[in-house]
Amino acid sequence: MKKNYFTTPIYYVNAEPHIGHAYTTIVADVLNRFYKLAGYQTFFLTGTDEHGDKVAQAARAAGETPQSYADRISDLFRALWPKLNITNDRFIRTTEEAHKRVVQLILQKVYDAGDIYFGEYGGHYCRGCERFLTEKELADGKCPDHGTEPEFIKEKNYFFRMSKYQQWLIEHIQNHPGFIRPERYRNEVLAFLRDPLEDLCISRPKSRLAWGIPLPFDAEYVTYVWFDALINYITGLDYPDGERFGQFWPVCQHLIAKDILKPHGIYWPTMLKSAGIPPYQHLNVHGYWIVSESKMSKSRGNIVKPLDLKDKYGLDAFRYFLLREMPFGLDSNFSETALVSRINADLANDLGNLVSRTLAMAERFLNGEIPRPGGLEEIDRDLETAALCVTREAERLIGELSFHKFLIAVWELINLANKYIDTLAPWSLAKDPAKAERLNTVLYQLLENLRFVSVLISPFMPQTAGKIQAQLGISEPSSQTLASIQQWGGLAPGGRVYKGEALFPRVEENLKGAEKEKMETTSLISMEEFQKVDLRVGKVLAAENIKKSDKLLKLRVDIGEERTVVAGIARSYKPEELVGKTIILVANLQPTKLMGVESQGMVLSADSAEGFIVATFDKEAKVGSKVR
RNA sequence: GGCGGUGUAGCUCAGCUGGUUAGAGCAUGCGGCUCAUAUCCGCAGUGUCCGGGGUUCAAGUCCCUGCACCGCCA
């Protein structure tokens with residue numbers, strides 16, 4: 001059985017989870033779910049990174065011990081993942097005893113290989129910060145936080161001979177194009193490796209920092225946090241003797257954001273090399289979410305955290321948005337407006353409505369029974385071919401992390417199904433008993449297509465996929481694997497389908513929010529300016545449709561003189577309903593031609609639940625009089 | 001200061017190894033349908049492809065240079 005192992009970084013517990021953590025973990029989850037669907041045996045690891053200076057400092061600031069502080073923040077992460085429907089197999093913490101043993105084992109191995117030496121390191125040490133400051137951090141030679149001059153301290157430490165493996169690493173990256181991907185990050189690492197690599201300081205004296213894993217060969221020192229943290233990826237597989245390590249190493253794919261490229265692209269492979277462990281398969285590097293406060297949330301005076309939006313709009317929509325919007329590797333913008341736009345356009349209008357209309361027709365025309373299809377015509381085969389084509393593309397696109405391209409492909413299939421419906425108009429077929437078999441075929445193709453779509457989207461939107469499959473009467477969702485959509489026709493005739501709730505209700509609230517904002521920003525006008533508008537009481541003398549327009553009506557209105565007016569209210573009023581009505585007309589509006597008819601004014605109207613309604617008076621007003 | 005990235009329609013972005021009238025989605029306008037979540041389908045646009053040079057028969061695509069923004073490093 002083919003295998004795959006996915007990891008997220010173990011998240012550093014000096015801050016609470018945010019959108020970036022969520023994205024990395026959701027991507028790992030999508031991969032994990034997809035490869036399971038494709039029949040792989042998988043393992044998925046995430047967790048928290050808990051040692052080191054910053055955690056010790058954050059704990060001190062919070063008045064806690066490092067351990068209790070780490071426990072608390074680690075729990076925040078652990079509690080978040082189920083809410084995002086994450087299917088990790090293990091949650092690892094670097095403060096676990098098992099991990100400490102593995103770190104010490106690796107240190108000993110590297111030490112025994114002769115790759116660790118004791119040396120002296122000098123730097124600007126700030127007692128307030130309890131750490132070394134770089135030249136750049138210094139402001140006028142002083143610590144920017146404490147305003148004190150740091151001491152130049154020489155400190156003895158252990159160093160990992162990273163430089164020894166520089167050439168090996170360069171060659172490995174060059175010989176394995178997918179080792180670090182996308183390519184931009186591979187190039188970045190190669191560029192970095194053009195300069196001589198410095199050896200890595202891997203210890204901290206206990207006198208300065210006690211919150212770490214003791215070195216096995218010198219009890220006076222603890223391990224540098226990165227050397228400790230990276231090793232989690234093999235601890236998670238129960239290195240060295242665990243069965244999982246044999247199964248899932250080195251078929252390992254790390255997922256990281258670009259900020260931790262160097263430790264993963266350089267420290268980690270050289271550490272593995274020194275310890276005699278083969279390197280991982282892929283390092284998958286993604287970009288940042290640029291979060292701009294959307295106007296929507298600003299105008300309401302409350303700043304919305306991206307992660308909170310999953311509760312507001314639903315988890316699947318949130319997951320879909322993250323994977324659809326960001327080309328893997330690049331930075332992308334995150335905004336509530338963009339999220340709402342994706343929900344309405346892609347999820348409600350395209351997918352949700354397709355499911356809704358298909359199942360409604362199956363219920364209405366076939367009493368909810370999955371029909372037996374008859375002979376296929378070309379257009380029916382085209383739908384099949386397109387669906388099978390997306391299935392075939394899936395493994396390639398997901399394999400190269402092109403999630404957005406894959407989702408585009410699925411949505412092309414969804415659009416094709418919508419076109420298929422429009423072209424074949426099943427509602428017309430249903431009116432003609434002679435076309436019953438044709439109707440059966442068309443609806444079968446549509447239902448089967450929904451089955452394909454549900455399987456294809458299931459790694460991204462597991463809840464939604466489940467809902468669609470339930471509506472299709474599929475009793476065993478576990479049967480719906482990638483293999484099940486290698487062939488058309490898996491949906492068994494005779495089964496029952498039913499139309500459920502709308503999968504994704506349109507988000508209308510925000511439209512109102514935008515309108516509200518527009519109103520708020522409308523500037524104030526003076527009485528004089530208002531009086532420039534000549535509003536008159538008018539009586540509708542005649543009304544008729546304008547041909548070729550379904551929105552416009554042509555009216556003749558008496559305001560003391562007769563005016564021709566074109567009004568965009570044909571969807572709400574039949575011409576005869578308007579005749580005799582007393583209305584309000586803007587009488588001094590610049591005349592304009594609409595659909596070839598000159599309009600000499602504008603009828604006042606407003607929105608209502610039933611569409612446009614025209615403004616009238618509650619008692620009889622005098623025709624032609626001024627409205628104030 | 002060094003290294004790298006980005007700059008294409010109102011918005012968000014595709015455009016591989018240079019090759020006919022530069023694309024998609026959203027938004028906009030018009031039309032069609034009525035099964036459907038006022039949804040769907042069709043049609044219609046709009047662009048000094050950041051500026052300036054250069055290479056070439058041919059450059060959004062390659063080279064040089066300038067500007068703007070963003071990373072990483074020192």
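Naming: A, B, ... by sequence-line order, numbering from 1 per chain. All values below come from the heavy atoms of this structure, side chains included, with hydrogens, waters and symmetry mates left out.
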Review item, nucleotides 11-15 of chain B N/O atoms under 3.5 Å of protein N/O:
from	atom 1	to	atom 2	distance (Å)
U12(B)	O3'	Asn333(A)	ND2	3.4

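In this structure, Phe179(A) has its ring center at least 6.0 angstrom away from the ring center of His282(A). A centroid separation of less than 6.0 Å is found between the aromatic rings of Trp411(A) and Tyr320(A). His286(A) has its ring centre less than 6.0 Å from the ring centre of Tyr23(A).
Glu384(A) has no carboxylate O lying under 4.0 Å from a charged side-chain N of Arg381(A), or vice versa, which leaves the two without a salt bridge.
Nearest to the side-chain atoms of Lys258(A) among the listed nucleotides C73(B), G5(B), G71(B) stands G71(B).
With 3.5 Å as the limit, one finds a donor-acceptor pair spanning the side chains of Asn349(A) and Arg506(A). Counted by atom type alone, Tyr420(A) and Asn449(A) present zero donor-acceptor pairs between their side chains at under 3.5 Å. For the residue pair His18(A)/Trp289(A), the side-chain donor-acceptor check at 3.5 Å is not satisfied. A donor-acceptor contact closer than 3.5 angstrom is absent between the side chains of Glu325(A) and Ser332(A).
Nucleotides A22(B) and U46(B) are separated by 13 Å at their C1' atoms, to the nearest Å. Spacing between C63(B) and C26(B) at atom C1', rounded to whole Å, works out to 37 Å. For the P atoms, the distance from G51(B) to G10(B) is 14 Å, rounded to whole Å. The separation of C49(B) from G23(B), taken at their P atoms, amounts to 14 Å, rounded to a whole angstrom. The C1' atoms of G19(B) and C62(B) are separated by 14 Å, rounded to the nearest whole Å.
In a base pair of the Watson-Crick type (N1 to N3 plus N6-O4 or O6-N4) or a G-U wobble (N1-O2 and O6-N3), with each distance short of 3.5 Å, A24(B) is matched with U12(B).
Less than 4.0 Å separates RNA chain B from at least one heavy atom of each of the following residues of residues 422-444 of chain A: Asp422(A), Trp427(A).
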